[in-house]
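Notes follow once the structure below has been shown.
Just so it is clear, the structure is predicted and the values come from calculations on it, not from any experiment.
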Amino acid sequence: MRQDTLVSLLGGKRGAFDATAPLVVFVLTWLLTGNSIAWAAGASVTSAAAIAIMRLAQKRKPRAVILGLLSVAVAALIVLYTGRAQDILLPRIVSNAASALVWAGFIVFRRPLLGLIVGGLLGQRTHWRLDPALLRAYSLASWIWVAMYALRVAVLTPFWNSASDDLAVIGGGLAQILLSWPLLILCLAISGWVIKATLPDNHPGLRHPLTANSQLADS
């Protein structure tokens, strides 16, 4: 294989499901209980706790599981405090805005997060940064992720600002589903295509960074 695809290196559906399921539970409970924020928040946290227990039993990383549960708990506390059901979207808007800024910042400082993630998965640490072609490819592909996070903010913010509770909660919930794993998988696929299109034809691929030492050995 000359070029590994990011879709095979980075999983997405399970994490996206874990993040989206509590929101779906919140929306459905809110509708079924006559717009009760208390019931919806409680059901959302309960579903997140159940998912956390299941993931821990599957030997998933405890840190990621706990952070996922805490994010749902924080969202529930916010809606209980403000009394606005649409505020369930607020933590997602803030987290995606922060993610866009972080990814962009790492690109500017020539440490694209996509390279750090894939390099870590491949056991390369930061050796890929010594390969100018790989550094450029990872940087360009990382902008796709910045765009993904920015798109989520742009779509969810109008729902959060809506004066209609039904539009905000139901529309925002549906938008979040569409912006979760389907968009993530699309982002992974486009990232892989960008890397493949950016690397020179004679480049050995993601698993084989061309450092000065390797080029000397080849010569």
Side-chain angles (χ1 to χ4, degrees), residues 1-20 60-61 63-64 67-68 92-159 174-219:
M1 175 183 285
R2 190 194 76 83
Q3 176 71 43
D4 297 295
T5 63
L6 291 177
V7 176
S8 65
L9 289 172
L10 298 175
K13 285 189 177 182
R14 182 179 290 110
F17 169 81
D18 292 355
T20 305
R60 302 296 174 187
K61 293 181 180 179
R63 181 179 179 183
L67 286 176
R92 297 170 185 273
I93 294 172
V94 172
S95 64
N96 278 283
S99 295
L101 291 174
V102 169
W103 277 73
F106 271 79
I107 297 171
V108 171
F109 287 103
R110 299 177 61 81
R111 285 173 173 77
L113 279 176
L114 199 56
L116 294 176
I117 294 171
V118 177
L121 289 171
L122 295 177
Q124 299 169 346
R125 297 184 180 179
T126 58
H127 294 166
W128 54 269
R129 294 191 65 243
L130 301 176
D131 184 339
L134 263 183
L135 178 60
R136 180 172 180 270
Y138 281 135
S139 296
L140 291 175
S142 289
W143 283 115
I144 304 299
W145 290 74
V146 176
M148 179 189 72
Y149 291 120
L151 176 63
R152 288 175 175 174
V153 174
V155 172
L156 292 177
T157 299
F159 286 107
L174 290 175
Q176 178 61 33
I177 294 173
L178 295 176
L179 294 172
S180 59
W181 71 263
L183 181 60
L184 179 61
I185 297 301
L186 178 62
C187 182
L188 289 169
I190 296 176
S191 298
W193 177 83
V194 168
I195 290 177
K196 184 176 181 179
T198 304
L199 288 177
D201 292 336
N202 61 348
H203 195 281
L206 301 182
R207 294 184 182 275
H208 306 285
L210 291 176
T211 63
N213 291 334
S214 64
Q215 291 178 11
L216 289 174
D218 292 339
S219 61

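- Pairing each heavy atom of Leu135 with each of Pro112, the nearest pair is CD1-CD, 3.8 Å.
- How far CG of Leu183 is from CD1 of Ile177: 13.5 Å, rounded to the nearest 0.5 Å.
- Qualifying side-chain contact (heavy atoms from CB on, under 4.5 Å) partners for Thr126, counting only residues two or more places apart in sequence or in other chains: Leu116, Arg129.
- Listed by chain and residue number, nothing satisfies the side-chain contact (heavy atoms from CB on, under 4.5 Å) test with Ser95 (two or more places apart in sequence, or in another chain).
- Here the CG-CD1 distance, from Leu156 to Ile93, works out to 5.5 Å after rounding to the nearest 0.5 Å.
- You'll find the side chain of Leu114 reaches within 4.5 Å of the side chain of Ile195, heavy atoms only.
- Between Leu151 atom CG and Tyr149 atom OH the span is 12.5 Å, to the nearest 0.5 Å.
- By the side-chain contact (heavy atoms from CB on, under 4.5 Å) test, Ala104 pairs with Trp143, Val146, sequence neighbours left out.
- Trp145 and Ser191 are linked by a side-chain donor-acceptor pair at a separation below 3.5 angstrom, with hydrogens and angles left out of the test.
- For the atom pair Leu140 CG and Thr198 OG1, the distance stands at 5.0 Å (nearest 0.5 Å).
- By the side chain to side chain donor-acceptor pair (under 3.5 Å) test, Arg152 pairs with Asn96, sequence neighbours left out.
- Residues that satisfy the side-chain contact (heavy atoms from CB on, under 4.5 Å) test with Trp193, not counting sequence neighbours, are Ala197.
- Using a 4.5 Å cut-off on side-chain heavy atoms (C-beta onward), His203 and Asp131 make contact.
- Looking at Leu178 and Leu174, their side chains never come closer than 4.5 Å, going by heavy atoms from C-beta outward.
- Within the model, atoms CD1 of Ile107 and OG of Ser139 stand 6.5 Å from one another, a figure rounded to the nearest 0.5 Å.
- For CZ of Phe159, the number of neighbouring non-hydrogen atoms (other residues, nucleotides, ligands) closer than 6.0 Å is greater than 12.
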Hey, mind stepping through Arg92 and Leu179 against side chain to side chain contact (heavy atoms under 4.5 Å, CB included) and telling me if it holds? CA-CA 11 Å; Arg92 297 170 185 273; Leu179 294 172; over 6 Å; no
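- Annotation for Thr20 and Ser180: closest pair OG1-CB, 3.3 Å, computed over non-hydrogen atoms.
- Note on residues 98-122: no pairs pass side-chain hydrogen bond (donor to acceptor under 3.5 Å, both in side chains), not counting sequence neighbours.
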